[in-house]
Protein chains: 2
Amino acid sequence: MIMNTYELLGEERSLIATLNDVAKLANVSKMTVSRVINHPDKVTNDLKQLVYQAMHEVDYHPNMAAKALVNNSTQIIKFCVLEDIDTTEPYYMNLMIGIARALDAQQYSLQLVTRQNFDIGNCDGYVVTGMRKKDFDWIGNLKKPVVIFGENRFGFDYVDTNNKAGTFMISELAVKRGYKRLIFIGMDSHESFEYSREAGYLQLIQENQMVSEIHRFDNHSHLSQQFIIENWDDFGPDTCFICASDRLALGAERGIESCGGLIPVDYGVTGFDGVFLNQVAFPRITTVKQSIVEMGMACGEKLLNKIVNHIDKDGSLMFEPKISMGGTVRDSSK
Amino acid sequence: MIMNTYELLGEERSLIATLNDVAKLANVSKMTVSRVINHPDKVTNDLKQLVYQAMHEVDYHPNMAAKALVNNSTQIIKFCVLEDIDTTEPYYMNLMIGIARALDAQQYSLQLVTRQNFDIGNCDGYVVTGMRKKDFDWIGNLKKPVVIFGENRFGFDYVDTNNKAGTFMISELAVKRGYKRLIFIGMDSHESFEYSREAGYLQLIQENQMVSEIHRFDNHSHLSQQFIIENWDDFGPDTCFICASDRLALGAERGIESCGGLIPVDYGVTGFDGVFLNQVAFPRITTVKQSIVEMGMACGEKLLNKIVNHIDKDGSLMFEPKISMGGTVRDSSK
DNA sequence: TTGTAAGCGTTATCAC
DNA sequence: GTGATAACGCTTACAA
């Protein structure tokens, strides 16, 4: 059918439709077509209909390179993972899927960069994650819009889980299920998210007039495991370990089991993240689940908003976490 | 300095240097500069020197959008993960980092797509992974160059680990370390890589005139764990479980430990992958380690080669795996 | 409201 | 071996 239309008009068909093809088919100028796409309010409805139909008929898709050229843009977003590859958490993949999904809508493409290749090639904006304090200097000097994944107190727009609410919720759950002693196993880091997770635990502890106990380790499962084993005599039944990550929770779980402790009957373990690791554990870890893909989409949308609308500060976004029930906290108060 | 040069010449400086800027500075035409970049053999050495110097002086970087426009290309590669997000293994992240690194060299950018958004937007080529048999139909119909990550027997160029060599090596290690019975725990899938991993085990078994024992499960740790527990009575000391993935190995390890078996003294466990999961296990899993980042780079390079040089078939690439020593196979024959 | 013309930065083509 | 010109597909600025 399309071929026929073209033949009737005596036009030549390019392999891939351009503005011109649409324009000819609709008997208007290129500009009208362009306007229908970019400023639809400035075109009469009659013409708009014609143009839409023509676009559909030739399966028109804008050429992003041409657009980028004339707009002096790149249509590229860099996703910068500053953390070491070795420690790369699996959830980055989900985060990327979310970002990519948001960018697709506007035909932006996502470029994955690390510290090494950060500078190669141009882009229109950045999503940055895995930042440490020392990074905020040079990030602040970037000339393109930036959205940070992960809360920070340096004034950068960010997207994150409500970390404090997460540990509060899950600590509350532990108390409701009858655990009498809550021990926090945190990450030995000075980053915002860690402080927030501790704060959630502390708030619950205070509201219940319990005693806070906080221990911190690098985020490796064998360290929490070792801690449990070495101090096993100190931990009576009805103790629940509130861990700041699933990795630490995994170690805690293993430590308790190797000491012969019963999970969840006598001992509870909770994690934080809810991506992959909690599912690999046995029993599955009861954890604070983050909506990583949604957060990724939010990062992408927020960044596009800044780019397209030339917005400088767009504010930050906190996602409310949910509890993912596993088998490391008992079902009801015993 | 740059400013001065410009002022002397009485030129206006655009914010970002173009071919024109370089040309004027070097007192040549745009075309000469372009040729220096794309066909350096067609320019005299004298001019080349001049141009290089000028490029350096104004910090010239080619505008990829303009390039893409005139070359009718997109400078975009789609990385297509067909596997379910839920099962997404952490190693995809490393793979992406490798691909991205290769693409950066040629200023291509990587777009992450899934089944859902596969069709949105244009691209110059694809890297595809997580394919199942049924996918080969439509992949074959793509009009752009494709490189598959993961071996296949459908004639597509691929990059993969030498799976057979991997399980052969690690089975051999188990025998050398004195385990008398080798049980293969495979994945219940009909994909090439699984067959290859079984084949490596079988070859070692035959060469040593041992008896092969193969069990298959979906790739979940609790299934291998369950299998070990339910059949524990059947497994005497000096048994080593050769697993087709780290996930299955993790389950096997847990199963053995929960039955009171001693690892690695009496029981051995080996995995396959060497990304993340093996390190989370305790003791760390002795596994077949794949060079994921390198393989990613190879995917990228191979694809670019096909695109730039219009090569249809470029052959496949097998990476030789290495054994990563953990604590689940004993150090020497007991 | 719609159309015309110029130009974004690059490369292929064809002169010289 | 080098340079002028046109073209890639699109949008802004201006003219009708």
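Chain naming here is simple, since letters A, B, ... match the order of the sequence lines and numbering starts at 1 in each.
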Gap between atoms CD1 and P, on I37(B) and dT2(D) respectively (whole Å): 15 Å
K306(B)/D314(B) ion pair, N-O < 4.0 Å: no
Interatomic distance, N27(B) CG vs dG3(D) C1' [rounded to whole Å]: 13 Å
side-chain N/O N38(A) vs dT11(D) OP1/OP2, d < 4.0 Å: yes
Whole angstrom value for the distance that separates C1' of dA13(D) from CE of M31(A): 10 Å
Other residues, nucleotides, ligands: >12 heavy atoms within 6.0 Å of Q53(B) CD: no
Along DNA chain C (nearest heavy atom to each residue), the more 5'-positioned of K30(A) and V43(A): V43(A)
K67(B) side chain near dT11(C) phosphate (N/O to OP1/OP2, under 4.0 Å): yes
Touch class at under 4.0 angstrom, heavy-atom based, for N20(B) against every strand present: nothing
Proximal nucleotide (of dT2(D), dT12(D), dG9(D)) relative to the A66(A) side chain: dG9(D)
Under-4.0 Å side-chain N/O to phosphate OP1/OP2 contact, S34(B) with dT10(C): no
Shortest side-chain distance from R35(A), nucleotide among dC10(D), dA4(D), dG3(C): dG3(C)
Sugar-phosphate, base or nothing in reach of T32(A), heavy atoms under 4.0 Å: sugar-phosphate
L50(A) CG to dT1(C) P, straight-line distance once rounded to whole Å: 17 Å
Side-chain N or O of T18(A) closer than 4.0 Å to phosphate OP1/OP2 of dG9(D): no
Atom pair distance, as rounded to whole Å: CG in D21(B) and P in dT10(C): 9 Å
Proximity of F118(B) and Y126(B) rings by center, below 6.0 Å: yes
Sugar-phosphate, base or nothing in reach of N72(A), heavy atoms under 4.0 Å: nothing
Atom CG of D312(A) with >12 non-hydrogen neighbours under 6.0 angstrom: no
Separation of dG9(D) P from N71(A) CG (nearest whole Å): 17 Å
Residue mapping more 5' on DNA chain D - nearest nucleotide basis, L19(A) or V28(B): V28(B)
N/O (side chain, T44(B)) to phosphate O (OP1/OP2, dT2(D)) under 4.0 Å: yes
Phosphate contact (dA12(C) OP1 or OP2) by H39(B) side-chain N/O below 4.0 Å: yes
Protein-nucleotide distance (L69(B), atom CG; dA6(D), atom P), rounded to Å: 17 Å
CG (N72(A)) with more than 12 external heavy atoms under 6.0 Å: no
Approximate separation, where rounding is to 0.5 Å, of M64(A) CE and S73(A) OG: 7.0 Å
Closest to side chain of V70(A), choosing from dT5(D), dT11(D), dT10(C): dT11(D)
Rounded interatomic separation in angstrom, taking CE from M64(A) and C1' from dC8(C): 15 Å
